[in-house]
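Written below as structure tokens is the structure these notes are about.
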Amino acid sequence: MKESRMTRLSDLTTLRIGGEIATYVEAASEEEIITAVQQADDDGAPLLVLGGGSNVVASDERFEGVVVRDVRTGMTDMNPNEEGSCCGGAALNVVAGQPWDDVVQLAIAEEWMGIEALSGIPGSTGATPIQNVGAYGQEVAETLSSIRVWDRLERRPRLIALFEMQLGYRDSMMKRTLHSAEAGGGRIWGPTGRYVVLDVNFSFRLASLSAPIRYAELARTLDVAVGERVPSSEVRKAVLQLRRGKGMVLDAADHDTWSAGSFFTNPILSEKAAAALPADAPRYEVRDHTAVRQIGGQAPVVPGLVKTSAAWLIDHAGFTKGFGMPGPAALSTKHVLALTNRGEATASDIRALADQVQKGVADAFGVELVPEPVYL
Ligand SMILES: Cc1cc2nc3c(=O)[nH]c(=O)nc-3n(C[C@H](O)[C@H](O)[C@H](O)COP(=O)(O)OP(=O)(O)OC[C@H]3O[C@@H](n4cnc5c(N)ncnc54)[C@H](O)[C@@H]3O)c2cc1C
């Protein structure tokens with residue numbers, strides 16, 4: 001276990017903001033993670049278990065607690081028999097610290113279907129179930145089978161099955177422990193929730209073809225119709241091309257990628273609230289992707305709810321690409337949904353910009369935008 005008192009959160013987060021850390025631990029084994037977490041909990045110190053730092057907005061002030069970074073890697077095929085499959089599928093165990101995009105690349109190489117559209121998302125595998133990461137019509141909920149966690153309340157390791165995770169759009173039971181005492185067993189946790197993910201289990205179908213393409217922009221890029229399937233490697237290529245065009249692949253030289261990705265979730269509204277939006281505002285069905293059980297199966301529509309586009313609302317409220325420039329914090333020049341650090345931004349600059357955008361959208365459309373990253 002490497003312990004240091006010098007590191008700053010700005011060195012560990014993709015927004016590159018954040019103050020000094022009182023205690024920083026790099027944990028290279030499961031035992032080291034659990035020891036560091038227990039020590040922080042015993043001392044009553046704030047605890048931040050950090051992966052890639054791609055979904056946090058740190059504060060400029062010194063973090064008077066313990067930051068634990070899981071530096072372990074490892075991906076294990078759980079059923080390598082002659083056919084390389086189990087019950088017609090594949091099972092993969094990944095330690096939490098493993099960078100997520102390595103898992104996508106392995107799955108495509110092994111012809112395991114279902115995460116190809118999640119190419120290029122930064123961060124660790126352990127963080128993916130927390131907000132049920134998703135992109136281009138896919139969510140990690142569709143291939144997760146279970147997670148093994150350290151339960152900070154019961155102070156023991158636990159296996160959490162897929163149905164217990166209650167995964168929804170950028171949401172999970174684990175994430176809700178950050179805000180809800182009910183989900184957290186009587187206590188609100190944070191900035192890391194009640195459950196520290198130790199490793200993640202996936203269950204894949206075998207196919208060199210992708211899952212059916214659900215996202216219209218991706219289908220157009222691939223020159224196929226929505227619902228068609230193409231080689232997964234082509235999906236990866238197209239997704240990475242689309243993401244690069246929006247500044248959504250990390251690139252140290254490109255300030256448009258000094259962000260936490262999409263800063264606000266797409267609002268899910270009641271039918272009545274959605275009807276009050278301008279006629280040309282996007283309106284999408286809300287679908288439960290966790291309920292898909294077969295290739296090509298349609299996710300059932302969740303009745304009474306309508307999803308709209310946060311980017312459309314922001315843009316039409318007058319916050320266009322690059323808004324805020326030449327200031328230190330500005331909207332990305334490629335994508336209005338990313339709040340970016342142009343080089344010298346502080347956490348206060350990012351928060352002020354986020355507040356301004358939220359207020360502008362609320363004034364223009366009566367919709368409350370919800371930030372996606374975890375605020376420290
Ligand atoms: C350029 C860019 C593009 C992005 N694109 C997408 C996208 O397309 N789709 C999408 O869903 N997200 C996207 N994101 C957001 C982010 O990459 C994901 O949410 C990612 O899963 C966060 O992983 P991380 O390891 O960086 O988490 P961190 O930022 O390190 O942590 C985020 C939260 O998760 C908790 N956490 C991390 N690891 C663990 C663990 N092992 N156990 C318990 N809690 C843990 C932290 O404590 C914290 O509360 C993007 C971000 C950026 C910067």
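All residue numbers refer to positions in the sequence shown, counting from 1. Values reported hereafter were calculated over all heavy atoms of this structure, with side chains retained and with hydrogens, waters and symmetry mates removed. Order of listing sets the numbers, starting from 1, for every ligand and every atom in it.
With a 4.5 Å cut-off on side-chain heavy atoms, Ile314 and Val361 count as touching. Side-chain contact between Gln38 and Arg152: absent, with no pair of heavy atoms (C-beta onward) separated by less than 4.5 Å.
Between Val140 and Leu118, the shortest heavy-atom distance links the atoms N-CD1, 3.8 Å.
At a 4.0 Å heavy-atom cut-off, the residues surrounding ligand 1 are Thr14, Leu48, Val49, Leu50, Gly51, Gly52, Gly53, Ser54, Asn55, Val56, Ala96, Ile121, Pro122, Gly123, Ser124, Ala127, Ile130, Gln131, Val133, Gly134, Ala135, Arg170, Pro191, Thr192, Tyr195, Val196, Val197, Arg243, Met248, Leu250, Ser259, Ala260, Gly261, Glu372, Val374, listed by chain and number.
A side-chain N or O of Arg236 and one of Ser119 form a donor-acceptor pair less than 3.5 Å apart.
For Ala273, the side chain to side chain contact (heavy atoms under 4.5 Å, CB included) criterion is met by Leu269, Ser270, not counting sequence neighbours.
Shown here is Asp280, whose CG atom has more than 12 heavy atoms of other residues, nucleotides or ligands within 6.0 Å.
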